[in-house]
Number of protein chains: 2
Amino acid sequence: MAEVSTRDRLIVEAMRLFCEQGYRATSVAQIEAAAGLAAGSGALYHHFKSKESLLEAGIDRQLDRRQAMRDISVLFRGVGDLRTELTLLGRYQLAVIDEERQLLGVAASTPAAQASRLNAAYGALIHGLSGDIVDLAKNWNPDLAEADAASIALVGVNALLGRRISVLLSGVESTVSDDSFLAEWTAMLACRIEAESGAADRTAS
Amino acid sequence: MAEVSTRDRLIVEAMRLFCEQGYRATSVAQIEAAAGLAAGSGALYHHFKSKESLLEAGIDRQLDRRQAMRDISVLFRGVGDLRTELTLLGRYQLAVIDEERQLLGVAASTPAAQASRLNAAYGALIHGLSGDIVDLAKNWNPDLAEADAASIALVGVNALLGRRISVLLSGVESTVSDDSFLAEWTAMLACRIEAESGAADRTAS
DNA sequence: GTCTATATAACGATAGAC
DNA sequence: GTCTATCGTTATATAGAC
């Protein structure tokens with residue numbers, strides 16, 4: 001039961017290497033070696049017809065795992081006050097983004113053939129995360145306009161994404177802990193959610 | 001005076017292609033063709049000793065341009081109220097990130113040899129943008145603790161970065177305009193800057 | 001299914017004519 | 001400085017033994 005097939009090992013190691021080095025920079029021989037096969041042997045081609053079809057299988061696998069994590073966010077409903085729920089949701093969404101980290105990393109350097117698939121997957125991710133924040137916001141402040149809730153959610157999601165993608169691009173971990181970051185993130189969103197509707201218009205022309 | 005040297009054309013086109021396709025996926029022949037030279041001829045090697053030294057020159061060029069944009073943010077001081085200054089600063093910082101877009105794109109898929117240079121450049125960018133927000137925040141609320149100002153700035157910068165890097169990864173422009181995004185971004189930061197110190201601790205344990 | 005061996009193509013880089 | 005031509009290397013992918 002704990003047996004992992006060679007095919008699965010190839011997918012896992014390939015996505016890891018694609019994320020670290022990029023798709024083009026990762027050779028088939030390197031993937032075979034990482035999966036415990038002889039480097040340079042065509043053993044990989046008995047499981048995938050090409051390097052690109054291996055990437056495709058990796059994308060599909062990630063989308064399956066994403067499906068498994070969906071609709072867990074509703075578990076945070078009614079736990080306590082607005083800030084508690086926001087912090088829990090933020091922590092959950094950071095975990096979701098971590099799960100998608102490889103996919104985001106691979107998306108940065110990918111042949112055009114698979115680009116549309118990755119773009120669609122990325123768009124769906126943003127939409128899902130943003131929607132959860134919108135639901136939470138409107139739940140705690142029914143007077144909040146749909147457009148305002150969407151704006152708050154968009155800035156919130158981008159803040160979480162920016163934090164995770166930053167370390168993805170730089171490879172350097174932030175000096176600020178996730179908890180500290182989420183504390184401020186929570187305070188900012190709560191401050192806006194509690195405000196009356198239309199408050200976002202009080203900016204410079 | 002409008003004459004652009006072949007060397008400069010090579011740098012510009014190379015960075016554009018590196019950003020779009022990745023470093024490894026871009027061939028020297030492709031760069032030569034984009035610069036108006038015969039594809040496959042070694043003409044590039046009369047200006048750069050290798051493909052990697054061309055990337056290095058591209059990074060140096062970006063760092064020079066960054067230097068030219070520094071210390072412009074102080075021009076926004078004392079324009080009006082907190083929200084006006086925040087919106088102007090946010091708009092300015094989005095422009096700065098746009099200027100660095102290529103460098104961020106190249107950073108996503110780069111050989112280890114140049115990775116440290118890119119990482120240092122990226123870290124300096126974050127630090128500079130964050131520092132400007134901290135200065136503005138403490139200017140409008142002297143009671144704000146240094147740590148709180150830094151937290152607010154970190155979330156703010158990551159929100160801007162997330163928005164720009166999102167379109168960099170997905171290639172799809174957001175349906176929300178920059179002005180609408182900045183309006184909400186401004187409201188969020190202003191809401192937190194105006195709060196008393198220590199308010200960020202009112203989150204879940 | 002995995003191996004050795006190899007076909008075929010593309011890439012980075014160099015040499016020399018002009 | 002730019003070209004044509006080419007070398008050496010590395011990559012993807014295949015053929016056939018075990």
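Naming: A, B, ... by sequence-line order, numbering from 1 per chain.
Closest approach to the B:H47 side chain among D:dC3, C:dT2, D:dG1 is made by D:dG1 (side chain taken as heavy atoms from C-beta onward). When distances are taken from the side chain of B:K51 to each of D:dA13, D:dC3, C:dA13, the shortest belongs to C:dA13. Across C:dA13, C:dC3, D:dC3, the shortest atom-to-atom separation from the side chain of B:A43 is found for D:dC3.
B:T26 comes within 4.0 angstrom of sugar-phosphate atoms only, judged by non-hydrogen atoms across all strands, and of no base. Within 4.0 Å (heavy atoms only), A:S41 reaches at least one base atom of the nucleic acid.
Regarding contacts with the backbone of C:dG1, every side-chain N or O of A:T6 stays at 4.0 angstrom or more from both OP1 and OP2. Phosphate contact (OP1/OP2 of C:dA13, side-chain N/O of B:Y45, threshold under 4.0 Å): present. Of the side-chain N and O atoms in A:H46, none sit less than 4.0 angstrom from OP1 or OP2 of D:dT14.
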Applying side-chain hydrogen bond (donor to acceptor under 3.5 Å, both in side chains), run through B:S180 and B:S177 and close with a yes or a no.
CA-CA 5 Å; B:S180 298; B:S177 70; 3.1 Å; yes

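Here the rule is side-chain contact (heavy atoms from CB on, under 4.5 Å) with B:V157, and of B:L160, B:L161, B:V155 only B:L161 fits it.
Here D:dA11 presents its P atom at 8 Å from CD of A:Q30, a figure rounded to the nearest Å.
Of the possible donor and acceptor atoms, none in the side chain of A:K138 sits under 3.5 Å from a partner among the backbone N and O of A:A145.
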